[in-house]
Peer 1: 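Can you keep this structure in mind? I'll have questions shortly.
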2 protein chains.
Amino acid sequence: MDSLTEENYIKSIYALSQATGEVFVSELAKKLNVKQPSVNSMMKRLASKKVVSYAPYKGIRLTEKGKKEALSIIRRHRLAELFLVKVMELGWEEVHDIAEQLEHVDSKRFYSRMDEMLNFPKFDPHGEPIPDSNGKIHTQKRTSLSELVEGLTAIIAAVGEDEKSFLDHLNAKGLQIGDAVTLKKREPFDGSVTLQHKSKKEILLTHQVAERIWVE
Amino acid sequence: MDSLTEENYIKSIYALSQATGEVFVSELAKKLNVKQPSVNSMMKRLASKKVVSYAPYKGIRLTEKGKKEALSIIRRHRLAELFLVKVMELGWEEVHDIAEQLEHVDSKRFYSRMDEMLNFPKFDPHGEPIPDSNGKIHTQKRTSLSELVEGLTAIIAAVGEDEKSFLDHLNAKGLQIGDAVTLKKREPFDGSVTLQHKSKKEILLTHQVAERIWVE
DNA sequence: TTAATTTGTTAGAACAGTCTAACTTTTTAA
DNA sequence: TTAAAAAGTTAGACTGTTCTAACAAATTAA
Ligand SMILES: [Mn+2]
Ligand SMILES: [Mn+2]
Ligand SMILES: [Mn+2]
Ligand SMILES: [Mn+2]
């Protein structure tokens, strides 16, 4: 079994290596708020556990075993988030921090009951896919609001971040998963976008925000 | 804030010092499955945090601050157990181990939602009282089945243990909180008791089991 | 009331996880 | 293509938690 600390490293390695298949020590250190030598010694440990493969001065990659573990942690995190929203009626902006803790609870029963109560859900409250119990995850590629063609209407499918401050911002703008929005105008100067929302209101988002909203 | 390890020490000190107000190093060591010197150094740490008061070779006692912290942990544990039974429909025999983990989750919202969903409950699934959010707990003294007068009928109010093996045994005997039982006979030789149960069945319990069942 | 036993303490080591300082390798830019 | 900057590594120290070995105090039994 992995310690809480090891689980957090594994999860971060998975997240940061999504694009290229590998992460660098410096990136991991920044993400986890530790110094590089800490990452270094943890990589030795995880390599000896066959969770990552890594050669000095080269990028870090998860092994098959490591990927399995990562997906299992992500599954627990996302199931927990959805449970907190659907069953416990907490806001989508407040569940991430609690799920960071619940994901480390060691109990098959706890998670299988969540899964049942939620009727084997496929997406978390932020639109992220929930890996199934075998670690299968279907990642469909989505368009970001920052690249949606002007004049088109699309449905908000996911948000690329679940930090409270970002979600508070979306709450303030009145945007939620599932909402239909029409892209009225994109400013060429700064990439900010004006949306027509079902609420009739016009909503202005900066590029920084728009690029974190995925539509279908 | 206390670490998980510190919280577990505090909870055990509270439990073991219930009767006399103090615990001994040897008792704590046994309960926590550590050696005496480990307890010793943790007591120094907790004393410096003003959580316990303790002088070398004397018993260990919680300070007022320590008692508050203990009751807060116990509240979280028991709320979690009840939540797991009532909301998540797990069995009373399987919730203790999960609650051992959930009690360390740091989130007021998580626990206040549980409290609301359960309608501010007073007892956990094993009949133990749940301290309120100010740390008030009402401990009523109860009679053990091992000292109930022959011929009398009483209601099972609580069980003095929540280990899976013990509760599995009660499940097998068909006993639950709230059940009415009549004490038919107590064997003078070994203290075992025969009960008349609402299910019509006669149930035989050893003294060891009977003394852990509290009735009103 | 002395001796044996039990209980508690100190000293010192170990492991997980982190850090700083110093050094090496790789990458980037002049 | 060399020099500066960035990234990675090693060594060594520190904290939290635990252990074993050795010793001291308190309790119990002879
Ligand atoms: Mn999250
Ligand atoms: Mn999420
Ligand atoms: Mn319990
Ligand atoms: Mn209980």
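Letters go in sequence order (proteins before strands), and every chain restarts at 1.
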Peer 1: Any side-chain to backbone donor/acceptor pair from Asn134(A) onto Lys136(A)? Under 3.5 Å, distance only.
Peer 2: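 Flag not set: sc Asn134(A) to bb Lys136(A) has no pair under 3.5 Å.
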Peer 1: Quick check on side-chain contact (heavy atoms from CB on, under 4.5 Å): which of Asn40(B), Leu16(B), Val34(B) does Leu28(B) satisfy it with?
Peer 2: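 The side-chain contact (heavy atoms from CB on, under 4.5 Å) with Leu28(B) is passed solely by Leu16(B) among Asn40(B), Leu16(B), Val34(B).
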Peer 1: Just the rounded figure in Å: distance from P of dG8(D) to CD of Glu27(A).
Peer 2: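 From Glu27(A) CD to dG8(D) P: 8 Å.
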Peer 1: Think Tyr9(A) has a side-chain N or O under 4.0 angstrom from the OP1 or OP2 of dA16(C)?
Peer 2: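 No, because none of the side-chain N or O atoms of Tyr9(A) sits under 4.0 Å from OP1 or OP2 of dA16(C).
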Peer 1: Without hydrogens or angle criteria, can the side chains of Asn171(B) and Trp92(B) be said to hold a donor-acceptor pair below 3.5 Å?
Peer 2: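 Yes - a donor-acceptor pair under 3.5 Å links their side chains.
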Peer 1: Would you mind telling me which of dC19(D), dC19(C), dG8(D) lies closest to the side-chain atoms of Asn40(A)?
Peer 2: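 For the Asn40(A) side chain, the nearest candidate turns out to be dG8(D).
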Peer 1: Over how many whole Å does the gap from Lys35(A) atom NZ to dC23(C) atom C1' extend?
Peer 2: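 That distance rounds to 18 Å.
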Peer 1: Which nucleotide sits closest to the side chain of Glu6(B): dA21(C), dT20(D), dT17(D)?
Peer 2: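 In terms of side-chain proximity for Glu6(B), the closest of dA21(C), dT20(D), dT17(D) is dT17(D).
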Peer 1: My understanding is that only one of His104(A), His126(A), His96(A) makes a ring-ring contact (aromatic ring centres under 6.0 Å, His included) with His77(A); could you say which?
Peer 2: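 Testing each of His104(A), His126(A), His96(A) against His77(A), the sole residue satisfying ring-ring contact (aromatic ring centres under 6.0 Å, His included) is His96(A).
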Peer 1: Quick one: which of dA26(D), dT18(C), dC19(C) gets closest to the side chain of Tyr57(B)?
Peer 2: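 My answer, after comparing the listed nucleotides, is dA26(D).
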Peer 1: When you measure from the side chain of Arg45(B), which nucleotide among dC19(D), dG16(D), dA7(D) comes out closest?
Peer 2: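 Of the candidates, dG16(D) comes closest.
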Peer 1: Distance check needed: dG8(C) C1' versus Glu22(B) CD, whole Å only.
Peer 2: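 In whole Å, dG8(C) C1' lies 14 Å from Glu22(B) CD.
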Peer 1: Could you tell me how far apart Leu4(B) (CG) and dG16(D) (P) are, to the nearest whole angstrom?
Peer 2: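 Atom-to-atom, Leu4(B) to dG16(D), this comes out as 15 Å.
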Peer 1: Take atom CZ of Phe24(A) and atom C1' of dG8(D), then tell me their distance rounded to the nearest Å.
Peer 2: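 Taking atom C1' of dG8(D) as the reference, CZ of Phe24(A) is at 11 Å.
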Peer 1: What's the closest nucleotide to the side chain of Val25(A) if the choices are dT18(C), dG8(D), dG8(C)?
Peer 2: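 My answer, after comparing the listed nucleotides, is dG8(D).
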Peer 1: Return the value, rounded to whole Å, for the distance between atom NZ of Lys31(A) and atom C1' of dA7(D).
Peer 2: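 These atoms are roughly 20 Å apart.
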Peer 1: Using a distance-only test with no angle check, is there a side-chain donor-acceptor pair under 3.5 angstrom linking Ser72(B) and Arg76(B)?
Peer 2: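 Yes, Arg76(B) and Ser72(B) have a side-chain donor paired with an acceptor closer than 3.5 Å.
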Peer 1: Expressed as a whole number of angstroms, how long is the span from Leu32(A):CG to dG17(C):C1'?
Peer 2: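 To the nearest whole Å, that distance equals 12 Å.
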Peer 1: Can you tell me which nucleotide in dT18(C), dT25(C), dT10(D) comes closest to the side chain of Lys44(A)?
Peer 2: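 Looking only at heavy atoms from C-beta outward on Lys44(A), the closest nucleotide is dT10(D).
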Peer 1: As a test of reading the structure: which of dT9(D), dG8(C), dT17(D) is closest to the side chain of Pro56(A), going by heavy atoms?
Peer 2: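 For Pro56(A), the side-chain atoms sit closest to dT9(D).
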Peer 1: Please report, rounded to the nearest Å, how far the C1' atom of dT18(C) is from the CG atom of Asn8(A).
Peer 2: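 That distance rounds to 15 Å.
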Peer 1: When you get a sec, tell me which of dT9(D), dT7(C), dC19(D) is the closest nucleotide to the side chain of Gln36(B)?
Peer 2: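 Selected nucleotide (nearest to the side chain): dT7(C).
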Peer 1: With DNA chain C as reference, determine whether Ser41(B) or Ser38(A) sits nearer its 5' end, using the nearest nucleotide of each.
Peer 2: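 The residue mapped nearer the 5' terminus is Ser41(B).
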